Asks: 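Pasting a structure here, questions to come.
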Amino acid sequence: MLKKIFGRLKLAKALQQNDPLLLLKAIRSGEDLNQPLSLNKDSDIADELSPIEHCLGLQHPECLQKLLESGAQLPLQHRDGRLLLVHAIEAKQHSLSLLTLLLQAGTDANAQHGEALFACLCVDNENQQLLLINRLIEHGADINRHRRLEKRLLDQLMLEERMMVVGVLISAGAELSDKLDQLSCSDELKQFARRKTQDLAVQRQLLGS
């Protein structure tokens with residue numbers, strides 16, 4: 001009984017301190033990597049999360065990698081009901097590393113109608129936004145299938161005037177809306193999107209000839 005208690009304390013300490021070596025010791029001692037636990041000894045059972053959820057909340061990609069490599073089960077959702085992918089995308093630090101680890105472990109990039117794709121809209125930094133969207137696409141996210149508020153991801157990005165990201169998405173196969181003229185974005189961006197789509201069509205024809 002004492003061994004089990006000390007093992008849980010070791011696991012909690014490793015996660016809290018972002019200590020992959022201590023985490024490895026806890027794993028080798030046979031700790032249950034799927035059992036919810038609290039990192040605060042004064043918290044009640046309602047505050048307990050799985051080790052994987054703690055790694056996402058604490059933004060600790062190295063510990064997350066150790067857990068996944070050691071066979072920790074990967075739930076689709078966080079206890080609060082949101083996708084684990086969304087938690088990774090919203091991380092202030094290491095969001096790309098956390099997202100990549102979850103995707104490599106088999107998390108569905110299209111889960112909940114592409115919720116992870118639309119979570120990227122909340123990322124302020126355009127370069128980071130592009131990296132996250134691109135990583136989702138690399139793991140099978142369908143940028144044309146999913147809609148939010150009757151608009152696809154490309155439409156939403158155009159409304160935000162994200163020209164660089166719009167260009168990359170079109171290159172990746174994003175289709176222009178049939179109601180492009182009705183979108184309340186700049187005429188400059190609409191012209192850019194049309195020109196980009198036309199250029200890609202010409203390139204495909206040349207490659208196919």
Side-chain angles (χ1 to χ4, degrees), residues 1-125 128-129 131-142 146:
M1 183 66 180
L2 285 175
K3 181 179 180 181
K4 184 175 182 179
I5 292 174
F6 284 124
R8 301 295 287 165
L9 290 173
K10 184 186 295 183
L11 178 58
K13 184 178 180 181
L15 296 173
Q16 196 167 39
Q17 296 184 355
N18 193 22
D19 189 335
L21 293 178
L22 184 59
L23 176 58
L24 192 57
K25 290 179 181 178
I27 293 170
R28 288 174 176 171
S29 69
E31 281 308 302
D32 185 349
L33 303 181
N34 302 306
Q35 179 67 35
L37 76 161
S38 174
L39 303 188
N40 185 344
K41 64 180 180 180
D42 297 323
S43 297
D44 58 33
I45 194 170
D47 295 321
E48 292 185 348
L49 299 173
S50 71
I52 282 179
E53 289 172 310
H54 280 304
C55 284
L56 289 173
L58 295 169
Q59 302 171 41
H60 292 166
E62 290 185 7
C63 286
L64 176 60
Q65 183 174 5
K66 292 292 183 189
L67 289 170
L68 293 172
E69 289 174 349
S70 301
Q73 295 175 3
L74 194 62
L76 176 64
Q77 294 180 338
H78 190 274
R79 194 189 65 179
D80 64 9
R82 291 186 300 161
L83 290 176
L84 292 185
L85 293 177
V86 172
H87 276 273
I89 290 166
E90 292 177 347
K92 299 296 183 183
Q93 298 178 353
H94 311 300
S95 57
L96 184 62
S97 297
L98 293 168
L99 178 68
T100 301
L101 287 167
L102 294 177
L103 292 168
Q104 289 175 341
T107 306
D108 183 6
N110 290 299
Q112 290 186 1
H113 309 291
E115 184 67 23
L117 282 169
F118 291 100
C120 294
L121 294 170
C122 297
V123 178
D124 292 331
N125 184 285
Q128 183 71 2
Q129 185 181 60
L131 289 171
L132 293 167
I133 293 174
N134 189 58
R135 189 55 43 86
L136 288 165
I137 292 172
E138 288 174 357
H139 285 82
D142 189 337
H146 309 294

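Note that these values count all heavy atoms, side chains included, but never hydrogens, waters or copies made by symmetry. Note that the structure is a prediction, hence the values are computed from the model and not measured. Counting from 1, the numbers follow the sequence of the chain as shown.
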Asks: Looking at Q104, I want to see if its CD is surrounded by more than 12 non-hydrogen atoms of other residues, nucleotides or ligands under 6.0 Å.
Replies: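 Correct, the count exceeds 12.
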
Asks: Identify the two heavy atoms, one from A111 and one from L83, that lie closest to each other, and give their separation to 0.1 Å.
Replies: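 The answer is O-CD1, 3.7 Å.
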
Asks: Is there a donor-acceptor pair under 3.5 Å between the side chain of E31 and the backbone N or O of L11?
Replies: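 Judged by distance alone, no pair lies under 3.5 Å.
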
Asks: Might you point out which heavy atoms bring Q73 and I52 nearest each other, and give the distance in Å?
Replies: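 In this case the closest contact between Q73 and I52 is O-CD1, 3.2 Å.
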
Asks: Give a yes or no answer on whether the side chain of D142 reaches the backbone of N110 with a donor-acceptor pair at less than 3.5 Å.
Replies: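 Not at all, since once roles are kept as given, no pair shorter than 3.5 Å links the two residues.
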
Asks: Using every non-hydrogen atom in the two residues, find where C63 and A14 come nearest and quote the distance to one decimal.
Replies: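 Closest approach of C63 to A14, heavy atoms only: SG-O, 4.1 Å.
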
Asks: Got a second to check how far T100's OG1 is from L136's CG, nearest 0.5 Å?
Replies: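 The distance works out to 9.0 Å.
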
Asks: Which distance, rounded to the nearest 0.5 Å, do you find between the CG of L85 and the CD of Q112?
Replies: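 Result: 9.5 Å between the selected atoms.
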
Asks: For a quick test of your reading: what N or O donor-acceptor pairs under 3.5 Å do the side chains of residues 17-28 make, sequence neighbours left out?
Replies:
{"from": "D19", "atom 1": "OD1", "to": "L21", "atom 2": "N", "distance (Å)": "3.2"}
{"from": "D19", "atom 1": "OD1", "to": "L22", "atom 2": "N", "distance (Å)": "3.0"}

Asks: According to side chain to side chain donor-acceptor pair (under 3.5 Å), who are the partners of Q59, at least two apart in sequence or on a separate chain?
Replies: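 Here no residue qualifies.
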
Asks: Not counting sequence neighbours, which residues clear side chain to side chain donor-acceptor pair (under 3.5 Å) with H78? List them please.
Replies: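 Only D80 meet the side chain to side chain donor-acceptor pair (under 3.5 Å) criterion with H78.
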
Asks: Side chain to side chain contact (heavy atoms under 4.5 Å, CB included) between L99 and L132: does it pass, once the steps are laid out?
Replies: CA-CA 8 Å; L99 178 68; L132 293 167; 3.6 Å; yes

Asks: Closest heavy-atom contact between R79 and E48?
Replies: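 Here R79 and E48 meet closest at NH1-O, 3.0 Å.
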
Asks: Side chain to side chain contact (heavy atoms under 4.5 Å, CB included) between R135 and E138: does it pass, once the steps are laid out?
Replies: CA-CA 5 Å; R135 189 55 43 86; E138 288 174 357; 2.9 Å; yes

Asks: Considering residues at least two apart in sequence or located in another chain, which fulfil the salt bridge (charged side-chain N to carboxylate O under 4.0 Å, His left out) criterion with E115?
Replies: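 Scan of E115 (salt bridge (charged side-chain N to carboxylate O under 4.0 Å, His left out), adjacent residues dropped) gives R148.
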
Asks: Quick one: CG on L58 to CG on L64, what's the gap to the nearest 0.5 Å?
Replies: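 One finds 11.0 Å between CG of L58 and CG of L64.
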
Asks: Are L102 and L56 close enough that some pair of their side-chain heavy atoms sits under 4.5 Å apart?
Replies: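 Yes, close enough: below the 4.5 Å cut-off.
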
Asks: Measure the OG-CG distance between S50 and L84 for me, rounded to the nearest 0.5 Å.
Replies: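 Rounded to the nearest 0.5 Å, the OG-CG separation comes out at 7.5 Å.
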
Asks: Shortest non-hydrogen contact from L101 to P61?
Replies: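 That would be CD1-O, 3.3 Å.
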
Asks: So D108 and H139, side chain to side chain contact (heavy atoms under 4.5 Å, CB included) or not? Walk me through it.
Replies: CA-CA 8 Å; D108 183 6; H139 285 82; over 6 Å; no

Asks: Kindly write out the residues that satisfy side chain to side chain donor-acceptor pair (under 3.5 Å) with Q128, not counting sequence neighbours, or none if the list is empty.
Replies: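 Counting only residues at least two positions away or on another chain, Q128 forms a side chain to side chain donor-acceptor pair (under 3.5 Å) with S95.
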
Asks: Quick one: does L98's side chain get under 4.5 Å of H60's, heavy atoms only?
Replies: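 L98 vs H60: side chains apart.
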
Asks: Please list, chain by chain and in numerical order, all residues satisfying salt bridge (charged side-chain N to carboxylate O under 4.0 Å, His left out) with E69, sequence neighbours excluded.
Replies: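 With neighbours one apart ignored, the set is empty.
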
Asks: If you compare all heavy atoms of L15 against all heavy atoms of L37, which two are closest, and at what distance to 0.1 Å?
Replies: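 It is CD1-CD2, 4.4 Å.
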
